[in-house]
Amino acid sequence: MPTLLHLDSSADLRRSRSRSITRAFAEAWTGLGPERTVIRRDLHRDPLPHLRDADLHWAPRLRPADAAPPAEAERVQQEILDELLAADVLLVGAPLYNYSVPSTLKAWIDHVHVPGVTAPFDTDTQPLRGRPAVVVTSRGASYDAGTPTEGWDHAVPMLRIILGTSLGMAVSVITTSLTLAETVPALADQRDRGRAELAEAHAQAAELAARLGRSVPR
Ligand SMILES: Cc1cc2nc3c(=O)[nH]c(=O)nc-3n(C[C@H](O)[C@H](O)[C@H](O)COP(=O)(O)O)c2cc1C
């Protein structure tokens, strides 16, 4: 049964652009047939704890001899890992917060990026290698090449390193920028571009969901 793991992390429950785009993706996914499953994890409504113990960053066999992470923290981490490992496609709503990801999404990353379990360390461990990961990023401003803010977005590059380089997933990124043009007067002259990017992001989400949904095993 092809399974989509759908994560959202926006703290905006009324106007969130990333939530609207991930919803469009998930609807296109389920529209492919009744056997398509969606596992939903809302990291804002139901936040994970911060990583309780640094030793949880490592596979048990790589931990120091005196490691003793709390059993409940290990149970939570295993649940999050099992959910990710069982997914055929990962969908991540990742709004830009203070040039990075929301802390709720960072807590999820801290639970799943585990050398020796999901990422290589002394062996070539990459159980998610080649699996699709779709990152939906929504940004209040713009970060165009050649402008003073080029390179200020530290969310997408970090997600590409963790999900792509380290976990080996096949990462696609859907971007909508200038979302604040609707409400911030200084950006008002860029509203048309913001609206066009949002429409394009919705179209990309539907197209990508259909393509990935057809490519994973039934
Ligand atoms: C706590 C917080 C921090 C933000 N920091 C940035 C930022 O660094 N750069 C930016 O372009 N927009 C920033 N914004 C604006 C959001 O990126 C923008 O509203 C985006 O649309 C949020 O995604 P959402 O629509 O899915 O909620 C911030 C918003 C919040 C709530």
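In this chain, residues are counted from 1 in sequence order. As the structure lists them, so they are numbered: ligands from 1, and atoms in each ligand from 1. No hydrogens, no waters, no symmetry mates; every other heavy atom, side chains included, goes into these values.
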R139 N/O under 3.5 Å from ligand 1 N/O: no
Protein contact to atom 8 (O) of ligand 1 [nearest heavy atom, distance to 0.1 Å]: Y99 N, 2.9 Å
Heteroatom proximity flag, D12 to ligand 1, N/O under 3.5 Å: no
Approximate separation, where rounding is to 0.5 Å, of E182 CD and R195 CZ: 4.0 Å
Ligand-residue contact atoms, ligand 1 with A141, heavy atoms, under 4.0 Å: 10 (C), 11 (O)
Close approach, W152 and ligand 1, non-hydrogen under 4.0 angstrom: no
Test item: Q204 side-chain N/O and I174 main-chain N/O as donor-acceptor pair under 3.5 Å: no
Residue and atom name of the nearest protein heavy atom (relative to atom 12 (N) of ligand 1), distance in Å to one decimal: G140 N, 3.2 Å
Test of proximity, P95 against ligand 1: N or O pairs below 3.5 Å: no
Protein heavy-atom partner closest to atom 25 (O) of ligand 1 - residue, atom, separation in Å: R17 N, 2.8 Å
Same apolar cluster: L159 and V136, side chain cutoff 4.5 Å: no
Salt-bridge contact D189-R191 (side-chain N to carboxylate O under 4.0 Å): no
Y143, any N or O under 3.5 Å of ligand 1 N or O: yes
Closest protein heavy atom (residue, atom, distance) for atom 23 (O) of ligand 1: S138 OG, 2.7 Å
Top protein contact for atom 21 (O) of ligand 1, by heavy-atom distance: T179 OG1, 2.6 Å
Sidechain N-carboxylate O distance under 4.0 Å for D12, R17: no
Pair T22, H6: side-chain N/O donor-acceptor within cut-off below 3.5 Å: yes
Transitive ILVMFWY side-chain link L81 to L51, under 4.5 Å: no
Shortest protein heavy-atom distance from atom 27 (O) of ligand 1, along with the residue and atom involved: S10 OG, 2.6 Å
Aromatic ring proximity W152/Y99, centre distance under 6.0 Å: yes
Region of L96 engaging ligand 1 - heavy atom pairs below 4.0 Å: both
Which residue and heavy atom of the protein sit nearest atom 31 (C) of ligand 1, plus the separation: Y97 CE1, 3.7 Å
Identity and separation of the nearest protein heavy atom to atom 5 (N) of ligand 1: N98 N, 2.8 Å
Trace of the side-chain contact (heavy atoms from CB on, under 4.5 Å) decision for E150 with D144: CA-CA 6 Å; E150 177 182 5; D144 299 340; over 6 Å; no
Path from L5 to F25 over hydrophobic side-chain contacts below 4.5 Å: no
